[in-house]
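Contents: one structure, followed by commentary.
Each residue takes its place number in the sequence, starting with 1.
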Amino acid sequence: MAQRYVISGAKVATLADDANGYDLREGAAIVVLGDKIAWVGPESDLPSEYAGLESHDHAGRLITPSLIDCHTHIVHGGNRAQEFALRLTGASYEEIARAGGGIVSTVAATRGASADELLASALPRVDALIAQGVGTVEIKSGYGLDTETELKMLRVARTLGQARPIRVMTSFLGAHAVPAGAEADAYIDDVCLPTLEAAHAEGLVDAVDGFCEGIAFDAAQIARVFDRARALGLPVKLHAEQLSHIGGTALAAEYGALSADHVEYATEADAAALAKAGTVAVLLPGAFYTVHETQAPPVQAFRDHGVAMAVGTDWNPGSSPLGSLLLAMNMACTLFRMTPAEALAGTTRNAARALGLTDSGVIAAGMRADLAIWDVSDPAELSYGIGINPLHHRIFEGTI
Ligand code: DI6
Ligand code: FE
């Protein structure tokens with residue numbers, strides 16, 4: 001039987017109004033029918049047709065949309081604790097990558113792991129996110145760089161969404177690094193594009209991503225991947241301007257990408273281009289922190305131009321072993337000077353946009369009943385705490 005109930009007494013941050021921060025409503029009620037939100041409004045205005053429904057009183061708590069982690073690499077083999085130690089002695093992320101460490105070392109570990117092993121190592125990561133109120137997680141491939149392993153990663157990502165109460169959105173990241181011994185253009189033509197076709201044919205791809213960087217692929221190479229995505233009718237997104245400025249953000253805007261991610265080195269002109277294209281800037285403070293980056297993304301330019309900003313963990317074994325989206329929100333505030341309201345919009349409304357989702361990220365009638373109920377009185381507390389998890393419980397597709 002489909003669930004039907006009213007949540008009452010709570011403070012609700014709907015995030016539904018772009019111009020109005022949290023859109024915080026005191027003494028609000030939410031009606032859940034099945035897997036959807038049927039009604040939101042002041043308790044005193046509850047329509048009589050819902051008056052007899054079972055009611056859950058949450059006086060003193062805060063309700064937000066479930067959080068959305070719109071950028072992760074949580075399916076991977078091995079770890080890179082040794083690289084962490086190396087960086088502390090002065091080696092940079094780029095130097096380690098050029099010396100054969102970095103992404104390609106995780107590629108070896110991921111190729112060597114079975115699908116069952118990848119699933120077993122990814123499940124606790126998903127569970128950690130769920131425990132923090134996450135209802136949707138994006139997961140990228142990109143540690144295979146051959147057809148077999150890229151497909152293996154994407155199948156594991158899909159399996160995670162069946163094994164746990166969380167929605168998984170996949171991104172094909174075949175253009176993540178040039179495999180050892182290969183040449184970039186030949187890799188794109190001979191491996192990346194055919195693998196994208198195969199993954200799409202199997203229904204494994206929700207979006208197509210790339211790494212546009214000096215240590216990875218240039219804009220012309222990424223454009224060839226985006227052209228194929230377009231031909232297949234798939235949306236695109238891009239790791240752009242993370243370590244240097246080489247034109248990824250402009251390319252993302254030109255292709256109408258869902259998001260441009262990292263964007264530390266993006267310029268004012270890039271911000272204008274993102275705004276015009278409606279592309280979300282996804283900020284990833286975990287990577288900024290881990291690789292000892294010093295250039296923060298141009299948050300004020302994004303504000304000035306009206307670029308929507310999202311926040312993700314970038315959870316990966318190298319540049320961001322960050323397993324907490326709440327901590328990412330805290331870091332976005334302290335390291336990038338986002339406001340707590342921007343950080344929460346960045347893990348709800350704008351994170352949904354970065355994934356092309358129109359059915360979640362805000363609390364409104366008709367949206368999925370994906371909600372997080374918190375033991376906090378002020379929504380800023382979600383960003384303010386460091387390593388604190390105030391989740392009371394989560395509702396996923398209407399199920400408590
Ligand atoms: N940028 C990142 O932050 C991750 N991928 C990317 O293109 C890092 C991946 C890694 O270091 O393993
Ligand atoms: Fe990433």
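Not counting sequence neighbours, the partners of P165 by the side chain to side chain contact (heavy atoms under 4.5 Å, CB included) test are I130, R394, F396. Evaluation of the salt bridge (charged side-chain N to carboxylate O under 4.0 Å, His left out) rule for D17 yields no partner, not counting sequence neighbours. With sequence neighbours excluded, the residues satisfying side chain to side chain contact (heavy atoms under 4.5 Å, CB included) with E43 are S8, A29.
Looking at T347, its side chain does come within 3.5 Å of a backbone N or O of L344 through a donor-acceptor pair.
For CZ of R303, the number of neighbouring non-hydrogen atoms (other residues, nucleotides, ligands) closer than 6.0 Å is greater than 12. Other residues, nucleotides and ligands contribute only 12 or fewer heavy atoms inside 6.0 Å of the CD atom of Q82. The local environment of OH in Y50 is crowded, with over 12 non-hydrogen atoms from other residues, nucleotides or ligands closer than 6.0 Å. Y289 OH: 12 or fewer foreign heavy atoms inside a 6.0 Å radius. Within a 6.0 Å sphere centred on CD of E148, heavy atoms belonging to other residues, nucleotides or ligands number 12 at most. More than 12 non-hydrogen atoms from other residues, nucleotides or ligands lie less than 6.0 angstrom from CD1 of I400.
For the side-chain hydrogen bond (donor to acceptor under 3.5 Å, both in side chains) condition, the pairs that include at least one residue of residues 209-232, sequence neighbours left out, are K140-D209, D185-Q221, D185-R224, D189-R224, E197-R228, D209-H239, E213-S244, D227-Y255. For residues 97-110, the pairs satisfying side-chain hydrogen bond (donor to acceptor under 3.5 Å, both in side chains) are R80-T106, with sequence neighbours left out.
F211 has its side chain within reach of Q242: a pair of non-hydrogen atoms, C-beta onward, lies under 4.5 Å apart. Inter-residue side-chain proximity for L234 and H200 is flagged as met; some heavy-atom pair is nearer than 4.5 Å. A heavy-atom distance below 4.5 Å is not found between the side chains of L258 and V236. At a threshold of 4.5 Å between non-hydrogen side-chain atoms, the residues E293 and Y265 count as touching. Counting heavy atoms from C-beta outward, C212 and I246 have side chains that approach closer than 4.5 Å. Within the 4.5 Å cutoff, no side-chain heavy atoms of T313 are placed close to those of L284. Between I386 and L326 there is no side-chain heavy-atom pair separated by less than 4.5 Å.
With respect to the salt-bridge test (charged N to carboxylate O, under 4.0 angstrom), the residues R125 and D127 do not qualify.
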Give every donor-acceptor pair under 3.5 Å between a side-chain atom in residues 359-378 and any protein atom, sequence neighbours left out.
| from | atom 1 | to | atom 2 | distance (Å) |
| --- | --- | --- | --- | --- |
| D359 | OD1 | R167 | NH1 | 3.4 |
| D359 | OD1 | R167 | NH2 | 3.1 |
| D359 | OD2 | R167 | NH1 | 3.1 |
| S360 | OG | R167 | NH2 | 2.8 |
| R368 | NE | D370 | OD2 | 2.8 |
| R368 | NH2 | D370 | OD2 | 3.1 |
| D370 | OD1 | E397 | N | 2.7 |
| W374 | NE1 | T64 | OG1 | 2.9 |
| D375 | OD1 | R61 | NE | 2.8 |
| S377 | OG | E381 | OE2 | 3.2 |
| D378 | OD1 | A380 | N | 2.8 |

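A donor-acceptor pair shorter than 3.5 Å can be found between the side chains of S171 and E138.
Between I222 and L251 the shortest heavy-atom distance is CG2-CD2, 3.5 Å. Of all non-hydrogen atoms in G101 and E83, the two that sit nearest each other are C-OE2, 3.8 Å. Of all heavy-atom pairs between A199 and V205, the closest is CB-CG2, 3.5 Å.
Using the six-membered ring where Trp is involved, H73 and H176 have ring planes that are parallel, under 30° apart on the 30 and 60° scheme.
Aromatic pair H58/H393: centroids less than 6.0 angstrom apart.
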